[in-house]
Participant: 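To start, I am sharing the structure in question, which I have written as structure tokens.
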2 protein chains.
Amino acid sequence: MDQGLSLNTLPLKELRNLIRNNQFTGSTTGCAAGYLQANLVILPAEWATDFLLFCQKNPVACPLIDVTQPGEKYLQSIGRDIDLSTDVPEYHVFYDGEFETAVSDLSTLWREDLVTFVLGCSFSFEEALIQSGLSIRNIDEGKNVSMYDTSIPCQSSGKFSGNYVVSMRPFTSIDAIRAIQITTRFPKAHGAPVHFGDPSLIGINDISTPNYGDAVEIKPNEVPVFWGCGVTPQNVIRQSRPPFCITHAPGKMLITDRLSSEFAVL
Amino acid sequence: MDQGLSLNTLPLKELRNLIRNNQFTGSTTGCAAGYLQANLVILPAEWATDFLLFCQKNPVACPLIDVTQPGEKYLQSIGRDIDLSTDVPEYHVFYDGEFETAVSDLSTLWREDLVTFVLGCSFSFEEALIQSGLSIRNIDEGKNVSMYDTSIPCQSSGKFSGNYVVSMRPFTSIDAIRAIQITTRFPKAHGAPVHFGDPSLIGINDISTPNYGDAVEIKPNEVPVFWGCGVTPQNVIRQSRPPFCITHAPGKMLITDRLSSEFAVL
């Protein structure tokens, strides 16, 4: 299966069927334009309350869209047809905070005590940026977005603590100003950037080597602009060591039936 | 008369009386918190239509608040008590586009064919920045804001053409992001910045030597952020050479009876 940019024009239902049948396991950046994309964090119920509070305390890193009851794989709020255990291109499985394996569905791993957190994703504002005439470098280059561990601390909640992960898109300053205005309208997709310019100020020592996703070109007259990223919980989980946890793979998101514009403010 | 920061706490009516009586001729940055400050451009009527269109074509550099009829010194829209010929701390007088002299009132220069353009000023959003917890470096240092000629071209109108002048305030990137959000709400005060970061990209070769106003410290983790500036018309007038023109002196503004917040959008 070609996992390149041709998928970006597939209707949502067809793309979801490919994902559900494990025929597409790639990045969803630029896919299903206009639809809200989401990060997933799946935890045993006994860890869920602390994580719910963690999201509340860190709304830029973890903009919470909705949460399931234990064992439920469905959330009416994001789409009637969505199965949270199959409709993400790739899942990451962690035991005791250590990454164990990547899987394309959760059929053999599902448990009745699992609570699924659906968190907003910056892919959801990319369409609005493009519609405003801006170019998203990683989409233009057919790559996953660049993501980096940082030194920006999250607010702790119970056992959960750690630093922000950020996504990066390069822009000229005038385009960055426009991107700040536009993304401010999408608080459920991480909202405005958390930093631009010198990466070392937020603990990124080598901008050419992302911790997740792909490197992209930054042109001489551009600055890197950094947004909160839903990979942050994966960083936090490595530190907080819940006995079992499942997340989406970075850049490979749940695509919902809701429009991003439904979540825009102003 | 002390023209330092103690004036910032003077009530508007008292400050206006000092200005009217030529007892205060300094910068109005940080003065009369909350009140809309304005740039002035005063032109003979036969040049007014072209300049009106110039403002229309360049709303970021020249956000037009209101315009008088020829010979009128008053504009109800900005305050019943305001005399446009006396209530600016210092005026600049140009003949054939050349700066001739600075005066503190226009009593001996007034003509019945003069049309006054009142343009918004970035000082009007400084209070909103401060209320959001940001620091304005030039206010902290008791100085006029730094202003620079640039290579950013204005749209031409009739005889009027030239490049933007910008004001500059340094911020950390996270504060700059907040400043972009806040100033976006004030389109009549130049709105969002037009540039941040590398000054050479907009034709500023030496950031430590402003063309107007004072130099301020830029700390190592800060970037200069540049907004459109109402000194732009003065630059344009030098090129366009109207036979007679009066403006405010850079940084020495008309303070109106209207609140800046009345002009905020959103």
Side-chain angles (χ1 to χ4, degrees), chain A residues 58 60-61 122 125 128-129 132-134 148 150-154 163-164 166-187 190-204 207 218-228 264-266, chain B residues 58 60-61 122 125 128-129 132-134 148 150-154 163-164 166-187 190-204 207 218-228 264-266:
Chain A
N58 297 282
V60 173
S122 59
F125 59 56
L129 294 174
S132 188
L134 304 186
Y148 303 86
T150 74
S151 58
I152 306 171
C154 294
N163 290 342
Y164 271 61
V166 293
S167 66
M168 186 282 288
R169 295 163 188 82
F171 290 106
T172 61
S173 75
I174 193 69
D175 284 352
I177 289 164
R178 187 72 186 125
I180 290 166
Q181 293 176 314
I182 292 166
T183 59
T184 295
R185 300 183 57 229
F186 294 91
H190 304 293
V194 295
H195 183 63
F196 64 73
D198 185 353
S200 71
L201 293 175
I202 57 170
I204 299 171
I207 194 76
I218 302 176
K219 296 178 182 174
N221 62 345
E222 293 178 334
V223 290
V225 184
F226 301 94
W227 279 266
V265 296
L266 303 181
Chain B
N58 298 281
V60 173
S122 60
F125 60 55
L129 294 174
S132 189
L134 304 186
Y148 303 86
T150 75
S151 57
I152 306 171
C154 294
N163 291 341
Y164 271 61
V166 294
S167 66
M168 187 284 288
R169 296 163 186 81
F171 290 107
T172 61
S173 74
I174 192 70
D175 284 352
I177 290 164
R178 187 73 184 126
I180 290 166
Q181 293 177 314
I182 292 167
T183 59
T184 295
R185 298 184 59 229
F186 294 91
H190 304 293
V194 295
H195 182 64
F196 64 74
D198 184 353
S200 71
L201 293 176
I202 57 170
I204 299 171
I207 194 76
I218 302 176
K219 297 179 181 174
N221 63 344
E222 293 178 335
V223 290
V225 184
F226 301 93
W227 279 267
V265 296
L266 303 181

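The sequence lines fix the lettering, A, B, ..., with proteins before strands; numbering per chain opens at 1.
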Participant: Contact part of B:Asn221 toward chain A, heavy-atom cut-off under 4.5 Å: side chain, backbone, both or neither?
Facilitator: both
Participant: Any chance you could measure A:Arg178, atom CZ, to B:Thr184, atom OG1, to the nearest 0.5 Å?
Facilitator: 8.5 Å
Participant: Report the distance from atom CD1 of A:Ile202 to atom CD1 of B:Ile174, rounding to the nearest 0.5 Å.
Facilitator: 9.5 Å
Participant: Non-hydrogen atoms of chain A under 4.5 Å away: do they reach the side chain of B:Ile177, the backbone, both or neither?
Facilitator: both
Participant: So how far is it from B:Gln181 CD to A:Thr183 OG1, rounded to the nearest 0.5 Å?
Facilitator: 7.5 Å
